[in-house]
Amino acid sequence: MMFIALAVIIVTLIAAMVVIGLIAMLRDNSTAETVQSTNLDIELSEFSIEGQLSAPAGEVVLNVFNNGAIEHNLAIRGTEYKSEDLNSRGLDIVTTQLTAGVYEVYCTIAGHEGSGMLNELVITEGGEAPAAGGEGEGELTPAQMDQAMVDSMLAFPAETEGRGNELLDFEVLPDGTKQFELTAAVTPWEVSPGQIVEAWTYNGIVPAPEIRLDVGDKVRILVTNETELATDVHWHGIHTPNDQDGVSPYTQDPIGAGETYTYEFVAEDPGIGMYHAHMHSQISVLNGMFGAFIVGENPLPYGQTVSGVTIPEEGDLEIAVEMPMVLNDAGVIGLSLNGKSFPATEPLVLEEGSWSVVHYYNEGLTAHPMHLHQFPQLVYAKDGIPLDQPYFADTINVAPGERYSVLFQAQDPGTWVWYCHILTHVEREDGMFGMVSAVVVTPEEA
Ligand SMILES: [Cu+2]
């Protein structure tokens, strides 16, 4: 009996193994005949599309990952294939059927393609090995790259429509109050020549109009919201009563679409501040709703000697140009200085020997080390607070929300470049762009 039982078990096991083997063989055959599927990992960021960008024809599965800080997506031009809009660290899997050809992949969010989110997806004939180096690089020859860099630099300064930081006019009311008007709206803005984006603006410009007050001014600011989202305005770095701080719903009701809201306070302290929306700031501020707000006189270190350099006394120190330098790196505006990307940035033109004051503001998402060739910059105020011990630096790292005020003397004629020293914020394979400007010093009149 035991012998028979053992024989039955052995025969059953052998039969089972044969059946499993047959099923596996059948499976292999069917897979090989029906579907050739390739998985590609593609990474989105500010502002590039990188990763595996080559596959044989057939089913191509795109694992689209947003490694940037702001929202992005991926679309294949000329097809219906498009990922979801992905928040930072978001992933979407897009299954496509593509025939051989070269497809443009891009981000459909306004301004992102123009800022660099464009690449090529190469689909080869089925069965061919993917082309080597299929990451969209090496498309330009070294000579072409040299030429593109020179051409982009010689285009500076390029004309574009619109200029930010214009001084905001006000009306003086019978009781002496200075009344300003701001309108928040989505309006076109030319970031660099031909690159027109749907910016979120105050009074149609990026950066918003500069507000200047004297200490002690009574101020009234009417804010009309023509965007579709509710908003508010925070006076960053300016002392106000709590109910004027602009943080809805804590300190006020949100300003709904189509509504007008009035802020009213006394500018009691000097300040080098900025103003921007607080609600939905990751949309509105990054897309352009920010501006400079200055109260009172500059706290310059008159007569002080710093690192062996004596700053002239008040009355002897004439400031030829005082300007805001507002940094941004995200939204539809992208990597920019005062709302413009090189070569549309504006040079600071100074006569030899003249003095200039610059207030750096960072309204973006990452720090930018701002470097000026040749002239040491005397950092005399941080966030509008005068420094007891001002210091010279040639590179000033400005983090989001910070302000640094600097004084420098333009001592030598020539074009001196002035830029963010994070090199990918200023150069691409196809030339210079983004956070670059220059101080142009003209020889002193004989
Ligand atoms: Cu930078």
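Remember, it's 1-based here, ligands and their atoms both numbered in the order they're listed. For clarity, every value in this text was computed on a predicted model and none was experimentally measured.
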Centroid-centroid under 6.0 Å between [X] and [Y] rings:
X    : Y    : result
H373 : H371 : yes
F408 : W355 : no
Y263 : F265 : no

Proximal heteroatom of H425 relative to the Cu ion (ligand 1) (N/O/S): ND1
Of all N/O/S atoms in H368, the name of the one nearest the Cu ion (ligand 1): ND1
task: Could you tell me whether any N, O or S atom belonging to H421 is less than 2.8 Å from the Cu ion (ligand 1)?
output: no
task: State which residue, out of F156, F433, Y419, fulfils the ring-ring contact (aromatic ring centres under 6.0 Å, His included) condition with F342.
output: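 For F342, the ring-ring contact (aromatic ring centres under 6.0 Å, His included) test succeeds with only one of F156, F433, Y419, which is F156.
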